[in-house]
Amino acid sequence: MASAPGSPVRVRFCPSPTGNPHVGLVRTALFNWAFARHHGGTLVFRIEDTDAARDSEESYAQLLDSMRWLGFDWDEGPEVGGPHAPYRQSQRMDLYQEVGQKLLEAGHAYHCYCSQEELDSRREAARSAGKPSGYDGHCRELTAQQVAEYQAQDRRPIVRFRMPDETIIFTDLVRGELTFTPENVPDYGIVRANGAPLYTLVNPVDDALMEITHVLRGEDLLSSTPRQIALYNALIELGIAKSVPAFGHLPYVMGEGNKKLSKRDPQSSLNLYRERGFLPEGLLNYLSLLGWSLSADRDIFTMDEMVAAFDIADVNPNPARFDLKKCEAINGDHIRLLEVKDFTERCAPWLRAPFAPWAPEAFDEAKWLAVAPHAQTRLKVLSEITDNVDFLFLPEPVQDEASWAKAMKEGSDALLRTAREKLESADWTSAEALKEAVLAAGETHGLKLGKAQAPVRVAVTGRTVGLPLFESLEILGKEKTLARIDAALAKLAA
Ligand code: GLU
Ligand code: ZN
C-alpha cells in the first residue's frame, strides 16, 4: 500500500542498535507499520545510536536485515532517505547541541553540578523521610557565587530539564486519560557532563523535527511520556516543534512464569525464529495478537488484512502472554497457505549444510519435489523438514534407539518378514497398494494397521513419527525399502 500524499499520519520506529533484535521490538515495529499503512501515512525508521558504548555497526546491519526479512517497508529512513535525513542520530549531534543550548538560554533547562554521591545521599534521606525521592531541584536557582564555587571545584555540570510545576494529563490512545503530578515527575538530565545528549533529549527532539504525529511504543516507556510532553511544550515555545504528538503505549509481553519477556530471554531473539524456520508472515501474525486481534473467531490472517482492520483504539492495555506453542501453530497454518512451489523454495536452507546431514550429492530433486507436498501439511516450522526427509537422502536411516525400542516388539521380526514378502510383490506405482500389502501382513499376525506399520516405519525411516508412510515408501523406492527391512531383520536377529 502506498502512502497517500498529504495524509497527516507520521509514525516512527526508532530502535537502538544494541544487540540482536527481539520480538518485543518487532511487535512495536509491526503496530507502527500497520498504523501507518492503515492511514495511508508515513513510517519513519530512525536509528537511535547515540550510545557509542552500547551501539554497534553489526547490530545496525542486523536491524536493517531483520526489517527487510520481516517484509516491512518504510517511507523515510536508512537506505531510503527523506526530507529529514540523516536518520541516524549519531549523524545529527549538532542539532541536539543546538537545541540543548536554546533550552538553557530560555530557562527550560539548567546546569546541575550535583555529584552522583550527593544525589544518592539526598535521595536516601528523602526516601527515609517518606518524601518523593526524585531529583530535589537543588541546582534550579543557583546564585552566581554558587556556580563559581562549583566551577572552582572543577565540577562539570549536566544539563537538566526544568519540569513545570503543574499536573500533566494526556489521553493515551490505548489506556485512556492518564494523570502525572509534579512530585512524580522530577527535573531530569538531558545532556551528560561530557556534552553527550541523552535519549531523553534526542528522542523527542527528533520526533518534533520529523513532525511525528503518533508515538506508539512499549509500556516500559510510559514514565518518560510526561517528561517528553513538557519538553515538547518548551520546543513549541521555541518554535522547534509544531504540536505535541499523540501517545499510545503497547502492552507488556509476558514470557515464562508470567515474567516480562526480556531481551536477554533466549526465547525473545528474532534470530532464533529465523533459524527455526518461522515464516515472517506467521511470526507477524502471531505477534499482532500480542495486544490486538482481527476478530474473535479468526487467528489466522494476512498482513494486508491486518492493515485494513488495524485501529490503535482496539489495542488491549492488559499484558499479553507470549505462547510459543500458539506461535508455532499459527506459523504451521501459514505454511499450509503457501503455494507448493513457494514452500519448496523456502525450505531450501534446511536441505543443505549445515542443517542437512546428508552428502550434497545424495540430494535428489525429484524425490524432494515428490515428498514436499506431504511435508507441507504437517510442519510447524520449516527447520523440521530436515528430519522429515533425511530417510530419502541418507544411505541408511538414522539410528534412533528410542524409536527402535518403542516399535520393535516381540513378533516384530515375523511381521517384518511377511510385510517384506507382500511388499516385494506389490504394485510400487501406488501408495494405496503398499498400504494394502502392510495391512495384509498385519492381518496375518492379528495386528491392526497402526501396529503393523510401526516396525516398517522405524526400519525404513529410523523414527516412529514422520510423513505419511506409504507415500514415503513409494518415493524412496522398492529396492531401498526392502534393503532397509532386511537390515532391520538382521539387527533383530543379532
Ligand atoms: N530507542 C528507544 C528504544 O529502543 C525508542 C523508544 C521510543 O519509542 O520512544 O527504547
Ligand atoms: Zn544539581
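Counting starts at 1 for both ligands and their atoms, in listed order.
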**Q.** Protein contact of atom 8 (O) of ligand 1 - nearest heavy atom, named by residue and atom, plus distance
**A.** Arg12 NH1, 2.8 Å
Q: Could you check atom 2 (C) of ligand 1 against the protein and tell me its nearest heavy-atom contact, residue, atom and distance included?
A: Glu48 OE1, 3.3 Å
Q | N, O or S atom of Cys114 closer to the Zn ion (ligand 2) than 2.8 Å | A | yes
Q | Any side-chain heavy-atom pair of Thr167 and Pro182 under 4.5 Å | A | yes
**Q.** Contact check, side chains of Pro78 and Tyr60, non-hydrogen atoms, under 4.5 Å
**A.** yes
Q.
Between ligand 1 and Tyr199, can you find any atom pair, the residue atom being a heavy atom, that is separated by under 4.0 Å?
A. yes
**Q.** ring-ring contact (aromatic ring centres under 6.0 Å, His included) partner of Phe161, the single match among Tyr188, Tyr110, Tyr135
**A.** Tyr188
**Q.** Region of Leu221 that comes within reach of ligand 1 [heavy atoms, distance under 4.0 Å]
**A.** side chain
Q: Return the orientation label for the Tyr87 and His84 ring planes: parallel under 30°, perpendicular over 60°, tilted otherwise.
A: perpendicular
Q.
Here's a test for you: under side chain to side chain contact (heavy atoms under 4.5 Å, CB included), which of Val215, Ile229, Leu216 qualifies with Pro245?
A. Val215
Q.
I want to know if ligand 1 touches Cys14 in the polar sense, i.e. an N/O pair below 3.5 angstrom.
A. yes
(Q) Taking the ring centre of each residue, are Phe322 and Tyr286 less than 6.0 Å apart? (A) yes
(Q) If the cut-off is 4.0 Å to any non-hydrogen atom of Arg217, which atoms of ligand 1 fall inside it? (A) 7 (C), 8 (O), 9 (O)
Q. Would Tyr113 count as a contact for the Zn ion (ligand 2), in the sense that one of its N, O or S atoms lies under 2.8 Å from it?
A. no
**Q.** Residue of the set Phe72, Trp74, Phe310 for which ring-ring contact (aromatic ring centres under 6.0 Å, His included) holds with Trp33
**A.** Phe72
Q | SG (Cys112) - the Zn ion (ligand 2) - OH (Tyr135) angle, nearest 10° | A | 100°
